[in-house]
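Numbering of ligands and ligand atoms starts at 1, following listing order. Note that these values count all heavy atoms, side chains included, but never hydrogens, waters or copies made by symmetry. The first residue in the sequence is number 1, and the count goes up from there.
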Amino acid sequence: MAQESGFPAMVNDRLLRAARGEEVDQVPVWVMRQAGRYLPEFREVRAKHDFFTMCQTPSLSCQVTLQPLNRFPLDAAIIFSDILVIPQALGMEVEMRPGEMSSSPTPRALSLNLSYTYHTRILKPPNMGPVFPSPLRGPEDLSRLAPPGDACTKLQYVFDALTLTRKELKGKATLIGFSGAPWTIMAYMIEGKGSKTMSNAKGWLYKHAEASHRLLKIITEATIHYLVGQVKAGAQVLQVFESHAEHLGPQLFRDFALPYLKQICDQVKEQVKQLGLPDIPMIVFPKGGHYALKDLASLKYEVIGIDWTVDPILARELVGPTKVLQGNLDPCALYGDKKSIDAAVKEMVQKFGRHRYIANLGHGMYPDMDPDHLAAFVQAVQKYSKD
Ligand code: 1CP
């Protein structure tokens, strides 16, 4: 097995093989947000540290990245970080604040940060969300941003976390690095937080098209440096999250998302080649972007992630026979009992088929999900996907 120097030999390269379109003994599986608040051991670490301190401390990032792998036989680890480290590196302030509560916990319960049960759902863990105290208000604010070429010097902590985690994984699973896609990052920089409509950010696309492209170029340049740095540091697969594709639609996507996603894939692959490193499989995940699957299949990303709103059979028709698909169980299916999870996974695996497929949820884990139900998901994938 080809091996870059300095890292342990791969004991399990199932996900890497599947991402390259090679045959595998069983379908590889990992899930988005597999490290997070649904795990008590994560909440324990998180109670002691601020979210971005965790991202910025390689030993903590490595520790929580490995937590789900200590519980479940997953084929990949995704480095614990956030897509919003790019706006931070471009000079913007981002805080993680408690957001909407799904029930109303008492302040005391919140300060204890632990008193809820999965079965009675007396209290759900608080959702935390990113907030930019000073979002971009208009094109004139672009002058506030640091040069994209310098941004990566501030992200050495992510590279250090990747190198440490790759060593600690001991070849038992593939290490995934990631970034946000330019439109998704732009949306946060302008909205200042999550938004149902993204109307401020979309307003820019219609009112300030030229400035929107300038901003997207800045983010794209920083992201290319960042992803190449991740590969140098030990990432074996890269996922680009276009989490807010649902807000665009075919034409806006073609104008403001696709060219930048293309540039990222082409440039990262080219620069990795120039560095003499092995070609790196890349995944693009356009959440809510069912309308863009055919366009995305024209890019060089080996893997296309789909959410649960797309039927796997239709997705296969749209992307053609050679792309690898990743996804796509509705995360909320994990609220069902283990029998229903098993049945849903059986149907999912049957629809995708066993090859050119990476099993995942259609989006991330939620904080109030039962880890045992994720175990049932992983077990079912393995049960129904063996050759
Ligand atoms: O296990 C893993 O998946 C690795 C860690 C990871 C990843 C890949 C985190 C930790 N964030 C991300 C990516 C990320 N961050 C995305 C893309 C994936 C997606 O679509 O969900 C997005 C959109 C963000 C931005 C973000 N960060 C949000 C969404 C806000 C919104 O309303 O739009 C939230 C809630 C966060 C915080 C966050 N990031 C990660 C965790 C564990 C958390 C929860 C906060 C905490 O624990 O305090």
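- The two residues Pro182 and Thr220 make their nearest non-hydrogen contact at CG-OG1, 3.3 Å.
- Annotation for ligand 1: atoms under 4.0 Å from non-hydrogen atoms of Phe42 are 47 (O).
- The pair Glu302-Lys269 meets the salt-bridge criterion, since a charged nitrogen lies less than 4.0 angstrom from a carboxylate oxygen.
- For ligand 1 and Ile79, the ligand atoms under 4.0 Å from any heavy atom of the residue are 4 (C).
- The heavy atom nearest to atom 47 (O) of ligand 1, out of those in Met128, His49, Arg37, is found in Arg37.
- Remark: ligand 1 atoms within the under-4.0 Å shell around heavy atoms of Gly194 are 31 (C), 32 (O), 33 (O).
- A continuous path of ILVMFWY side-chain contacts below 4.5 Å connects Met282 to Ile304, so both sit in one hydrophobic cluster.
- Of the protein's non-hydrogen atoms, the one nearest atom 34 (C) of ligand 1 is Pro130 CD, 3.7 Å.
- When each atom of ligand 1 is checked for a heavy atom of Gln34 under 4.0 Å away, the hits are 1 (O), 2 (C), 3 (O).
- Looking at Glu210 and Arg214, a side-chain N of the basic residue comes within less than 4.0 Å of a carboxylate O on the acidic one, giving a salt bridge.
- Protein heavy atom in closest approach to atom 5 (C) of ligand 1: Ser81 O, 3.7 Å.
- Summarising the contacts of atom 38 (C) of ligand 1 with Phe80, Phe285, Phe51, Tyr38, the nearest heavy atom is found in Phe51.
- Close approach of ligand 1 to Ser243 is summarised as follows: ligand atoms under 4.0 Å from at least one heavy atom of the residue are 17 (C), 18 (C), 19 (C), 20 (O), 23 (C).
- Salt bridge absent: Arg137 and Asp141 never bring a charged side-chain N and a carboxylate O closer than 4.0 Å.
- The residue among Val85, Asp82, Val64 with a heavy atom at the shortest distance from atom 25 (C) of ligand 1 is Asp82.
- Every atom of ligand 1 with a heavy atom of Ile78 under 4.0 Å away is listed here by number and element: 1 (O), 2 (C), 3 (O), 4 (C), 8 (C).
- What sits closest to atom 8 (C) of ligand 1 on the protein, heavy atoms only, is Phe178 CZ, 3.4 Å.
- Considering all non-hydrogen atoms of both residues, Arg166 and Pro8 come closest at O-CD, 4.0 Å.
- Residue contacts with ligand 1 for Ala35 involve both N, CA, C or O and side-chain atoms from C-beta outward (heavy atoms, distance under 4.0 Å).
- For the residue pair Leu325 and Phe352, the shortest heavy atom distance occurs at CB-CE2, 3.9 Å.
- Summary of contacts: the protein heavy atom closest to atom 33 (O) of ligand 1 is Tyr188 OH, 2.3 Å.
- Gln379 CD: 12 or fewer foreign heavy atoms inside a 6.0 Å radius.
- Ranking the protein heavy atoms by distance from atom 19 (C) of ligand 1 puts His363 NE2, 3.1 Å first.
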